[in-house]
Chemist: 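My questions all concern the structure below.
Everything quoted here is computed from the prediction, not taken from an experiment.
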Amino acid sequence: MSTATTELRRFLTITGQRFKTGQSAPEMFSPAVDAAWHELLGSPAYEALCLETAGQPIRHVANNGHGPIAWVAAYEAAYGPLPEVWFTNAQGNVNEEAVARYQETGTVVAEWDCGPAGGDGDIAPDQPETARR
């Protein structure tokens, strides 16, 4: 399993936890992890992965925004620091400045253009207006 696929599993787990507690959808800010998501979308393996990790179907939807990534603390509590793949573009290039900023501050501020939504047709709570573009 690739690092990006491992991180997708973790992201979907956090997605399920956030949805169960009524929190907003987590921001998908990594092009590399998003590429792994796109490779699985629509497949029976993806449906099984969603049920295993999030406990429900998870859709991939457009959701543009910029701001602090709200779910980093939950990720770190479960898995430790974010690995570099979260700061990697779809071509495999690591944004070293973003990695250094994260390592110094423990926070991530990024742009995103997609995210998860519940698979039953209900949209997860919107991002706060200040976070949307």
Side-chain angles (χ1 to χ4, degrees):
M1 181 180 307
S2 74
T3 301
T5 303
T6 297
E7 291 307 306
L8 176 61
R9 290 180 64 85
R10 292 174 175 182
F11 179 79
L12 292 172
T13 299
I14 288 172
T15 297
Q17 293 167 349
R18 290 180 66 89
F19 286 177
K20 285 176 190 156
T21 59
Q23 294 177 300
S24 63
E27 308 87 359
M28 172 49 74
F29 70 94
S30 169
V33 178
D34 188 45
W37 196 358
H38 280 265
E39 288 177 18
L40 289 171
L41 280 171
S43 70
Y46 179 69
E47 292 177 29
L49 177 64
C50 289
L51 294 177
E52 177 187 332
T53 57
Q56 68 180 50
I58 300 294
R59 293 178 299 127
H60 181 279
V61 298
N63 180 14
N64 297 327
H66 176 272
I69 303 304
W71 53 269
V72 172
Y75 179 99
E76 291 171 333
Y79 308 112
L82 291 170
E84 282 188 350
V85 71
W86 282 103
F87 306 94
T88 302
N89 67 20
Q91 293 74 39
N93 301 310
V94 177
N95 181 335
E96 298 292 346
E97 288 181 25
V99 171
R101 193 169 38 252
Y102 166 62
Q103 290 171 338
E104 283 180 25
T105 66
T107 60
V108 177
V109 176
E111 291 185 12
W112 59 90
D113 62 6
C114 63
D120 60 3
D122 291 337
I123 300 296
D126 285 336
Q127 297 294 327
E129 283 298 318
T130 55
R132 295 186 68 89
R133 257 198 259 179

Chemist: Please enumerate all residues that pass salt bridge (charged side-chain N to carboxylate O under 4.0 Å, His left out) together with Glu76, with sequence neighbours excluded.
Modeler: none

Chemist: With rounding to the nearest 0.5 Å, note down the distance linking CD in Glu47 to CG in Leu40.
Modeler: 11.5 Å

Chemist: Are side-chain heavy atoms of Met28 and Asp113 found at a separation under 4.5 Å?
Modeler: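 No. Closest side-chain heavy atoms not under 4.5 Å.
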
Chemist: Side-chain contact test, heavy atoms from C-beta onward, threshold under 4.5 Å: evaluate it for Tyr46 versus Ile58 and give yes or no.
Modeler: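 When only atoms from C-beta onward are counted, Ile58 and Tyr46 do touch, with a gap below 4.5 Å.
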
Chemist: Taking CD in Glu96 as the centre, count heavy atoms belonging to other residues, nucleotides or ligands within less than 6.0 Å. Is the count above 12?
Modeler: yes

Chemist: Looking at the rings of Tyr102 and Trp86, which for Trp means the six-membered one, are their centres under 6.0 Å apart?
Modeler: no

Chemist: Work out which heavy atom in Gly106 is nearest to a heavy atom in Val72; give both atom names and the distance.
Modeler: O-CG1, 4.2 Å

Chemist: Any side-chain heavy atom of Arg9 within less than 4.5 Å of one from Thr6?
Modeler: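 The answer is no; the side chains never approach within 4.5 Å.
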
Chemist: Minimum heavy-atom separation for Ala98 and Phe87, please, with both atom names.
Modeler: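 Closest approach of Ala98 to Phe87: CB-CD2, 3.7 Å.
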
Chemist: Identify the two heavy atoms, one from Thr88 and one from Ser30, that lie closest to each other, and give their separation to 0.1 Å.
Modeler: O-OG, 3.8 Å

Chemist: Quick one: do Tyr79 and Val99 end up in the same hydrophobic cluster if we chain Ile, Leu, Val, Met, Phe, Trp and Tyr together by side-chain heavy atoms under 4.5 Å apart?
Modeler: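 Tyr79 clusters together with Val99.
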
Chemist: Which pairs pass salt bridge (Lys or Arg N to Asp or Glu O under 4.0 Å) with one or both residues in residues 10-23, sequence neighbours excluded?
Modeler: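 Output for this query lists Glu7-Arg10.
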
Chemist: With respect to Phe11, which candidate in Phe29, Tyr75, Trp71 satisfies the ring pair (Phe, Tyr, Trp, His ring centres under 6.0 Å) definition?
Modeler: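 With Phe11 as partner, Phe29, Tyr75, Trp71 yield a single ring pair (Phe, Tyr, Trp, His ring centres under 6.0 Å), made by Trp71.
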
Chemist: Short question: side chain of Glu27, backbone of Ala70 - any donor-acceptor pair under 3.5 Å?
Modeler: yes

Chemist: Would you indicate whether the side-chain heavy atoms of Asp34 and His60 approach each other to under 4.5 Å?
Modeler: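 Side chain of His60 against side chain of Asp34, heavy atoms only: contact under 4.5 Å found.
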
Chemist: Within the structure provided, determine whether Val85 and Val33 are in side-chain contact (heavy-atom separation under 4.5 Å).
Modeler: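 Of all side-chain heavy-atom pairs linking Val33 with Val85, at least one is under 4.5 Å.
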
Chemist: Side-chain contact test, heavy atoms from C-beta onward, threshold under 4.5 Å: evaluate it for Leu51 versus Pro57 and give yes or no.
Modeler: yes

Chemist: Flag yes if Leu41 and Leu12 sit in one hydrophobic cluster, no otherwise; membership is Ile, Leu, Val, Met, Phe, Trp, Tyr, and two members link when side-chain heavy atoms are under 4.5 Å apart.
Modeler: yes

Chemist: Can you see which heavy atom on Pro116 is nearest to which on Pro26, and at what distance?
Modeler: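 Nearest heavy atoms, Pro116 then Pro26: CD-O, 3.2 Å.
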
Chemist: Quick check: closest heavy atoms across Ala32 and Ala4, and the distance to 0.1 Å?
Modeler: O-CB, 3.8 Å

